Visitor: 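Below is one structure. I have some questions about it.
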Amino acid sequence: MSKISRRKFLKSAAATGVAASSLSLPYAAYADDHAILVGGLHDLSGAIDFAGIPMNQVMALAVDEINANGGVLGKEVKQVVYDPQSNMSLYSQYATQMALKDKVAVVQGGITSASRETIRPIFHRFKTLYFYNTLYEGGVCDRNEISLGTTPAQTVEKLVPHVMDLFGKKVYTIAADYNYGQITAAWVKRYVEQNGGEVVETEFFPLDVTQFGATISKIQAAAPDMVMSVLVGTGHLGFYRQWAASGMKSKIPMASTTFGAAGSEPIIMTPEEANGIITCYGYYPTIDSPANKAWLEKVKAKYPDNTPILSELSECTWEGMMIWADAVNEAGSLEREKVLEVLESGKTYNMPSGQVSIDPLTHHAIRDVYIADLQNRVFEIKEKFSQVQPIDTQQVCNLKETPNANVHYEISLDG
Amino acid sequence: MDYTIIIALEMLRAIAWLVLLSSGLAIIFGMMRVINIAHGEFLMLGGYTVIMASKIGINIWFAMLVLAPLVVGVFGILVERLVIRWLYGRLLDSLLATWGLSLLMIGGVTMLFGNTVEGVSTPLGGFSVGIYQVSAYNLVMIFAAISILLSVWAVLRYTSVGLIARSVMQNPDMAQALGVNSTFVYMATFGVGSALTGLAGGLIAPVTGVVPSMGINLIGPAFITVITGGASVVTGTLSASGFLGSVDQLITFGFGPVYGGAALLIAALIILRILPQGITGRFFTKKL
């Protein structure tokens, strides 16, 4: 066994240090003959894999499409995939690995707000461009992140007047008891009042509540014109079932900001339980446009047997890849600064969901939103709104003034 | 007046809910002293049995009342033979092993059936009390809870099978010396506890959505009920469910579900502070 003296060890350690620092040169500087790596970080197992697997499938499809069109900067794009298993410590581990070891050019992913807030600061610190493609409560202010999903101000603003016209002015809100639910319920209240209505009661439920008998009775006692559901997760699915079982479904109509957001609830729930729930999202598979139809064909062609359930989450992942590839090609460089400048130039993109552009002040999407009525597992689109602004995040975030911001604001509507 | 009836009904339903969730566990944990962390997944397995059976056209009542307990009972016996029997008297080890089992079951069911499976809607529809609509299925759950408690009590109290089971749990060596096959009794008791859990899982399947991770939401209340109840299977389950269910529902009606859930925990805490052995450690000590 050869002895390693302290001096020798220090020497070799120093040499390694030099090698490591040379590796951390900007991507384009050394990767000329390599494929360009892009990171996908979605929950592929665990409680929300029903959302993560389609997002990952769509991302792979987008990578194929980009390569078929000549790649990025003339190079092939390759997907690096890790499965964080809905586990936040794995999220932070893999995010660090993507940023430092794989040196990916961009990361698409994170689903829950918890996972996003785990990885967003990591990508911010290591200057790895990051796309978050899930609808969420709004308020992220970080120039390194592009948030493509809808925020409550975009959807609730349209949904509330639509359903109040249909059903009436007395609204009973039931919401999940964490920041998404609290913030969205506050927006519901604001828009109901702006439209001359009244929220008779807002009830919050911890995510592990599965029994809703008391609430169902209380709703009946309050006799609202409609119920607005901001419930989240598998425990809360029981509400829709128990609501239908009590026979209330035909008596008081319901709208939701969450039902079927990732596409799975309309499958778990039977049509008798879910028909007639009105929702508002940035994407539905039923959008009647050539762009969407062509996209659906592509998805079907790549995944003939395991066709993913498509939703705003997976469609926005497609957008994330396409917008990134377009921006890199236009910038002619992988350098984050140059790519960000193109992303901030206010380009409009034609996507399956409609017209999408990125608000330079918040890095959130300005997009078309749709209202749909769920009938027999199909979202029948009732109304379309073009180019809706994320005004909630715009209230708190201005990246022109504070380009180094690295926060998630809890948007408060009090006062 | 109608509202009072509704509150009373909901309280009964909440009590029945806790009885259903915890009676299988009362046998496995309360009687046999095996911490089964996979209890929630046993319930989930019962739920999946009902969903899969009704998917291939089997009558939902048959699936709930016969197939679910059968499948989970047999599964329980397998688990007892392969895992649990090595761990009697080793409380912490059984905790670790059944936790692993719970992860395995969640992963296994997800692999086999996926995370997104069509559920069954609640049968029977609703009926009205004055201006209020109530699910008729609530009555089924209340009735099922009463029948489960009554039959467990009757078996333990009046049959020789029950007597043997109780004696083995009390003193396995003495029972063995008197000619009882304790190993078999342990296995059978674990199987019965599992079957009851499967029955409960089947019965709650049409009320909640059935997904592989559903057990996580159910195991907390089940353990709290059994521990609050104490050693007696029937009296303990009934008294703890009655007390905790009423507290939960009254507070939920008055102040909302966040406070209802908190009140349930606080009530359990206070009881265990005053009665560390559970309700039946002090009261009804001679009861089953």
Side-chain angles (χ1 to χ4, degrees), chain A residues 45-53 86 174 177 201-221 223 233-252 262-274 306 309 377, chain B residues 2-3 6-7 9-11 13-14 17-18 51 106-107 110-111 114-138 204-214 216-218 220-221 248-254 256-258 260-262:
Chain A
S45 57
I48 56 167
D49 68 354
F50 61 84
I53 290 171
S86 307
I174 47 177
D177 191 22
E201 174 81 58
T202 301
E203 262 196 281
F204 292 102
F205 301 85
L207 290 173
D208 61 354
V209 170
T210 52
Q211 293 298 293
F212 294 89
T215 299
I216 290 171
S217 314
K218 276 204 258 181
I219 295 174
Q220 297 181 42
T234 54
H236 289 179
L237 281 181
F239 174 80
Y240 302 102
R241 187 148 280 163
Q242 290 156 34
W243 179 249
S246 69
M248 284 310 297
K249 209 182 135 285
S250 53
K251 307 217 161 136
I252 301 179
S264 64
E265 286 93 340
I267 293 173
I268 295 175
M269 290 291 149
T270 58
E272 304 90 74
E273 291 162 340
N306 51 345
I309 306 165
R377 301 212 158 93
Chain B
D2 295 339
Y3 201 56
I6 290 291
I7 293 183
L9 256 179
E10 276 303 323
M11 275 171 64
R13 202 233 359 106
W17 175 255
L18 287 178
I51 284 193
I106 294 176
T110 310
M111 260 170 63
N115 224 335
T116 311
V117 180
E118 178 188 337
V120 286
S121 20
T122 319
L124 296 180
F127 65 92
S128 44
V129 178
I131 57 160
Y132 296 98
Q133 281 280 342
V134 188
S135 166
Y137 194 74
N138 285 353
I204 65 174
V207 184
T208 58
V210 175
V211 289
S213 56
M214 69 186 279
I216 296 161
N217 296 332
L218 306 174
D248 180 8
Q249 279 305 298
L250 280 178
I251 303 290
T252 301
F253 265 105
V258 176

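Keep in mind that this is a model prediction, so the values were computed, not measured. Every chain is numbered from 1, with letters handed out A, B, ... down the list of sequences.
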Visitor: Tell me, for T270(A) versus chain B, whether the close heavy atoms (under 4.5 Å) come from the side chain, the backbone, both or neither.
Guide: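 For T270(A), the side chain is the part near chain B, not the backbone.
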
Visitor: First locate atom CG of D248(B), then atom CD of Q211(A), and finally report the distance between them rounded to the nearest 0.5 Å.
Guide: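 Taking CG in D248(B) and CD in Q211(A), the distance rounds to 9.5 Å.
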
Visitor: So which of T252(B), I216(B), V134(B), V207(B) has the largest heavy-atom pair count under 4.5 angstrom toward chain A?
Guide: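 Most heavy-atom pairs within the cutoff with chain A belong to V207(B).
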
Visitor: With respect to chain B, which residue among G238(A), G247(A), S246(A) yields the maximal number of heavy-atom pairs within a distance under 4.5 Å?
Guide: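 Ranked by contacts with chain B, first place is S246(A).
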
Visitor: Heavy-atom distance under 4.5 Å to chain B: side chain of A221(A), backbone, both or neither?
Guide: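 Both parts, heavy atoms under 4.5 Å.
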
Visitor: Between I216(A) and Q133(B), is the side chain to side chain contact (heavy atoms under 4.5 Å, CB included) condition met? List the steps.
Guide: CA-CA 9 Å; I216(A) 290 171; Q133(B) 281 280 342; over 6 Å; no

Visitor: Only counting residues at least two apart or in another chain, list the ones meeting ring-ring contact (aromatic ring centres under 6.0 Å, His included) with F204(A).
Guide: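 F204(A): no ring-ring contact (aromatic ring centres under 6.0 Å, His included) contacts found.
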
Visitor: Work out which heavy atom in A214(A) is nearest to a heavy atom in Q249(B); give both atom names and the distance.
Guide: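 It is CB-OE1, 3.5 Å.
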
Visitor: Decide yes or no for E203(A) and P257(B): does some side-chain heavy atom of the first lie under 4.5 Å from some side-chain heavy atom of the second?
Guide: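 In contact.
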
Visitor: For S213(B), is it the side chain, the backbone, both or neither that has a heavy atom under 4.5 Å from a heavy atom of chain A?
Guide: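 Interface part for S213(B): side chain.
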
Visitor: Taking every non-hydrogen pair under 4.5 Å, which of M269(A), E272(A), K251(A) racks up the most with chain B?
Guide: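 Among the listed options, the one with the most contacts to chain B is K251(A).
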
Visitor: Where does P206(B) contact chain A at under 4.5 Å (heavy atoms): side chain, backbone, both or neither?
Guide: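 Just the backbone, heavy atoms under 4.5 Å.
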
Visitor: At what distance, to the nearest 0.5 angstrom, does CD1 of I268(A) lie from CD1 of I51(B)?
Guide: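 Reported to 0.5 Å precision, the distance equals 8.5 Å.
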
Visitor: What option among L237(A), T215(A), D49(A) has the most heavy-atom pairs under 4.5 Å with chain B?
Guide: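 Greatest number of close heavy-atom pairs with chain B: D49(A).
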
Visitor: Using every non-hydrogen atom in the two residues, find where G235(A) and N217(B) come nearest and quote the distance to one decimal.
Guide: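 Nearest heavy atoms, G235(A) then N217(B): CA-ND2, 3.4 Å.
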
Visitor: I need the Y3(B) OH to K218(A) NZ distance, nearest 0.5 Å.
Guide: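 Nearest 0.5 Å value for the OH-NZ distance: 6.5 Å.
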
Visitor: What heavy-atom pair brings I6(B) and S217(A) nearest, and what distance separates the two atoms?
Guide: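 Between these two residues, the closest heavy atoms are CG2-OG, 3.1 Å.
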
Visitor: Rounded to the nearest 0.5 Å, what separates atom CZ in F50(A) from atom OG1 in T110(B)?
Guide: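 One finds 11.5 Å between CZ of F50(A) and OG1 of T110(B).
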
Visitor: Any sub-3.5 Å donor-acceptor pair from R241(A)'s side-chain atoms to T208(B)'s backbone N or O?
Guide: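 Yes, the answer is positive, given that a donor and an acceptor are paired below the 3.5 Å cut-off.
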
Visitor: Most heavy-atom pairs under 4.5 angstrom with chain B, which of I48(A), I309(A), D208(A), V209(A)?
Guide: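 Most pairs with chain B among the choices: D208(A).
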
Visitor: Using non-hydrogen atoms only, which part of A205(B) is less than 4.5 Å away from chain A: side chain, backbone, both, or neither?
Guide: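 The backbone, not the side chain.
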
Visitor: Tell me, for D177(A) versus chain B, whether the close heavy atoms (under 4.5 Å) come from the side chain, the backbone, both or neither.
Guide: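 Contact with chain B involves the side chain of D177(A) alone.
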
